[in-house]
Undergrad: 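This structure is in structure tokens; I'll ask about it shortly.
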Amino acid sequence: MTTVTQARESQASRALRWERLINMLLPVLAILASFLIGSLFLWALGVSPVTAYTALVKGAFGNQRLATSTILKSIPLIFAGLAVTLAYRGGVFNIGAEGQLYLGALFAVWAGTRLALPFPWHLLVALALGILGGMIWGAIPGYLKATRDMNEIIVTILMNYIAIFTVSYFVHGPLKEEGWNTQTDAVAETARLPTLWAGTRLHYGVILALICLVLVYVVLFHTTLGYRIRMVGANIHGARYAGIKTTWIMALAMALSGGLAGLAGTVELLGVQYRLIDNFSPGWGFDAIAVALVGRLNPIGVLIAALFFGALRNGANSMQTAVRVDVVVIYILQGLAIVFLIAGSSVDNRIRRWLDAWQA
Amino acid sequence: MDMDALIGLLHATIRLTTPLLFAAIGGLYNERAGVINIALEGKMLLGALVGFMVAFSSGNPWLGVLAAAASGALVALLFAYVTITLGADQIVSAVAINLMMLGFTGVVFRLMKAANSGSLSAPTFQEWTIPGLAQIPVLGPVLFRHLPLVYLAFLLVPLAHFIFYRTTWGLSIRAVGEHPRAADTLGVKVRTVRYLTVLWGGAMAAIGGAVLSIGHNSTFIENMTAGRGFIAFSAIVFGKWTPLGTMLASLLFGFADALQLRIQAGILEPLFRNLGIQEVAYQIPVMLPYVVTLVALFFIGKSHWPAAAAIHYDREEG
């Protein structure tokens with residue numbers, strides 16, 4: 001009797017270990033596979049993949065300045081990646097991080113240029129408004145999904161366009177600085193994120209990103225709210241049966257997700273760019289989808305994936321000058337990585353089912 | 001507004017509806033078969049690029065359209081393999097494909113720009129004036145002076161209606177989308193139906209993209225679809241998964257697009273001045289099609305998706 005139980009337990013723990021191993025291995029394999037296909041593409045363009053990838057790595061980590069720049073480029077990806085993760089865990093696919101980070105930055109630049117407050121308070125108000133802007137833009141699709149059963153993917157995509165044009169309107173109109181440049185005034189010194197170490201461009205946004213990372217982890221995995229969010233995401237019918245108000249959990253998850261995405265834009269604005277311009281984001285909200293999925297919807301995974309994609313984006317500039325292949329090539333790598341990842345997970349599920357059937 | 005302006009507005013509505021209609025009516029097939037396809041955007045974008053490149057190098061816009069259709073079907077094949085055979089999530093796969101196509105078209109077009117120092121202008125289609133019909137007052141100039149692709153797009157609507165409701169193919173497609181297991185039991189090849197509809201939808205979406213690059217324009221612009229694939233997807237939802245409804249929804253969005261172009265061009269300025277509005281920033285009209293889509297989706301309320309939409313079908317699963 002005991003031996004049977006023990007055997008079952010060891011089988012279960014083996015399955016768990018297998019799952020953990022696959023969870024770590026799959027993203028790595030998917031990225032390797034995407035680079036492999038990417039090198040075929042480069043080769044077809046008449047570019048040596050070795051030269052291109054070497055330039056990519058050197059451009060990302062070649063010296064202290066470049067490595068700092070990689071970290072700076074990863075910060076918005078961490079926030080936005082966490083945003084996508086949080087919503088996805090609650091069964092809502094937030095493709096609107098791009099629009100939410102635009103709105104966040106818009107609210108923050110208003111606070112940073114139109115309010116006059118002493119140092120920490122000005123910064124805190126700008127950050128809070130940035131979160132609020134993103135939250136509003138995230139709560140709308142969440143609310144519409146909860147009450148009107150409107151598909152969140154379509155709504156968030158449409159709202160991305162509306163957000164980008166809204167920001168453009170303010171940059172050209174009400175918030176435009178005096179003069180010829182279409183940009184806003186620079187955010188006041190009192191609202192900027194201070195640098196972490198003198199002599200580098202690293203700012204306190206790094207700390208803020210890590211705090212959010214821990215917060216998302218704790219909320220998702222160690223609170224009742226997080227448990228409910230994950231339950232809605234894993235099995236909505238079961239969650240409803242258990243008495244969870246699923247629609248409101250979804251709406252709440254979207255609002256929180258929007259707030260995180262809002263921070264992505266806000267921190268970039270208050271820590272790096274200081275002025276808002278048209279198209280100030282190179283598509284972090286879309287990269288965030290890749291970051292969240294490759295990070296296996298887990299905060300630690302998001303951190304690693306954000307650093308990886310930040311390095312990719314930063315290094316791609318050097319690759320462009322070295323081998324004259326455009327930066328947009330990294331979209332192909334990101335898309336391929338997602339395809340390989342989800343295809344890999346389905347194959348993995350299938351293998352496991354075969355193994356189960358074979359063992360039974 | 002005078003008559004000429006009205007005719008111009010309605011003519012532009014038909015014109016701007018065309019790319020949406022190709023993508024939406026094509027996508028309707030796979031939606032009815034239970035495959036959600038938000039990768040329409042990526043396929044349109046690829047079609048716009050490939051259509052332009054082939055028309056540019058061959059000098060024949062029809063070859064461009066054919067090549068665009070083939071490229072759309074090719075990407076659709078990848079999408080179909082990953083979702084239908086491997087059972088990967090349809091939405092996530094589509095998002096990945098959209099990202100890939102954005103990158104791919106961007107890289108290839110910039111390389112093409114670098115390789116050709118001259119102007120990148122492809123031969124385009126000529127308008128076909130339908131003899132007789134084009135002479136009808138108002139309706140004639142609005143409906144019967146268009147590019148051949150425009151007529152083709154609108155002919156796809158009754159064709160889809162006929163196929164869906166009057167043929168066994170259509171019955172199979174709808175059965176696969178509502179209850180794949182029952183369809184399977186009755187001998188319908190669920191996977192084959194899904195593969196074929198996805199390929200067809202991909203080819204049509206790509207033609208819709210080609211309408212933008214070699215129909216309305218004569219060149220490709222990066223991300224030139226600007227969300228039209230998503231608007232086409234919304235048109236299917238708003239049209240309640242029927243060909244006629246989808247066409248009406250596409251026309252609404254086409255109208256919003258035509259209107260915003262006119263507002264930008266300042267044609268409605270006298271009207272605005274009468275309303276006491278001095279100046280309209282261009283960002284406001286540009287938002288219009290997206291806002292109209294959102295509002296339309298809001299008012300349609302709860303919609304009845306095909307029962308098996310986005311659900312992977314596996315024979316061996318209980």
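In what follows, every heavy atom counts, from backbone to side chain, and hydrogens, waters and symmetry copies are set aside. Letters go in sequence order (proteins before strands), and every chain restarts at 1. For clarity, every value in this text was computed on a predicted model and none was experimentally measured.
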Undergrad: Please check: side-chain N/O of A/Thr85 versus main-chain N/O of A/Leu297, any donor-acceptor pairing under 3.5 Å?
TA: no

Undergrad: Roughly how far, to the nearest 0.5 Å, is the CZ atom of B/Phe255 from the CG atom of B/Leu288?
TA: 9.0 Å

Undergrad: With chain A, which of B/Ile231, B/Thr293, B/Asn98, B/Val82 has the greatest number of heavy-atom pairs at distances under 4.5 Å?
TA: B/Thr293

Undergrad: Name the region of B/Thr105, side chain, backbone, both or neither, that has any atom closer than 4.5 Å to a heavy atom of chain A.
TA: neither

Undergrad: With a 4.5 angstrom heavy-atom cut-off, could you sort out which part of A/Leu341 is near chain B: side chain, backbone, both or neither?
TA: neither

Undergrad: Give the interface residues of residues 278-290 of chain A toward chain B, defined by a heavy-atom separation under 4.5 Å.
TA: A/Phe286, A/Ile289

Undergrad: Among B/Leu102, B/Thr83, B/Val92, who wins on heavy-atom pairs under 4.5 Å with chain A?
TA: B/Val92

Undergrad: When you measure from the side chain of A/Glu152 to the backbone N and O of A/Pro141, does any donor-acceptor pair fall under 3.5 Å?
TA: no

Undergrad: Going by heavy atoms in the side chains, are B/Arg228 and B/Met44 under 4.5 Å from each other?
TA: yes

Undergrad: Answer yes or no: is there a side-chain heavy-atom contact under 4.5 Å between B/Tyr313 and B/Arg181?
TA: yes

Undergrad: Does any backbone or side-chain atom of A/Leu158 lie under 4.5 Å from a heavy atom of chain B? Answer side chain, backbone, both or neither.
TA: both

Undergrad: Which atoms of B/Val95 are under 4.5 Å from chain A, going by heavy atoms: the side chain, the backbone, both sets, or neither?
TA: side chain

Undergrad: Given that the side chain runs from C-beta out, which part of A/Ile154 has a heavy atom under 4.5 Å from chain B: side chain, backbone, both or neither?
TA: side chain

Undergrad: Please give me the minimum heavy-atom distance between B/Ile36 and B/Gln90, naming the atom from each residue.
TA: N-OE1, 2.9 Å

Undergrad: Within the structure provided, determine whether A/Tyr143 and A/Thr147 are in side-chain contact (heavy-atom separation under 4.5 Å).
TA: yes

Undergrad: Evaluate whether atom OH of B/Tyr81 has more than 12 neighbouring non-hydrogen atoms of other residues, nucleotides or ligands under 6.0 angstrom away.
TA: no

Undergrad: In terms of heavy-atom pairs under 4.5 Å, which option from A/Ile157, A/Val339, A/Leu293, A/Ile153 contacts chain B the most?
TA: A/Ile157

Undergrad: Does any non-hydrogen side-chain atom of A/Met150 lie less than 4.5 Å from one of A/Lys145?
TA: no

Undergrad: Can you tell me which portion of A/Asn151 sits under 4.5 Å from chain B's heavy atoms? Options are side chain, backbone, both or neither.
TA: side chain

Undergrad: Given heavy-atom pairs under 4.5 angstrom as the criterion, report whether the side chain, backbone, both or neither of B/Tyr282 touches chain A.
TA: side chain

Undergrad: Flag this pair as yes if the NZ/CZ of B/Lys113 is under 6.0 angstrom from the six-membered ring centre of B/Phe220 and inside a 45 degree cone about the axis; otherwise no.
TA: no

Undergrad: Which distance, rounded to the nearest 0.5 Å, do you find between the CZ of B/Arg262 and the CG of B/Asp257?
TA: 10.5 Å

Undergrad: Is the side chain of A/Thr51 donor-acceptor paired with the backbone N or O of A/Val47 at a distance under 3.5 Å, no angle test?
TA: no

Undergrad: Answer with side chain, backbone, both or neither: which region of A/Leu144 has an atom nearer than 4.5 Å to a non-hydrogen atom of chain B?
TA: side chain

Undergrad: Supply the atom-to-atom distance A/Ile236 CD1 to A/Thr246 OG1, rounded to the nearest 0.5 angstrom.
TA: 4.5 Å

Undergrad: Checking B/Leu294 against chain A: side chain, backbone, both or neither under 4.5 Å from a heavy atom?
TA: both

Undergrad: With a 4.5 Å limit on heavy-atom distance, are the side chains of B/Phe104 and B/Leu46 in contact?
TA: yes

Undergrad: Does B/Glu222 come within less than 4.0 Å of B/Arg110, counting only side-chain N to carboxylate O?
TA: yes

Undergrad: Just checking heavy atoms, which of residues 161-174 of chain A are less than 4.5 Å from chain B?
TA: A/Tyr161, A/Ile162, A/Phe165, A/Thr166, A/Ser168, A/Tyr169, A/His172

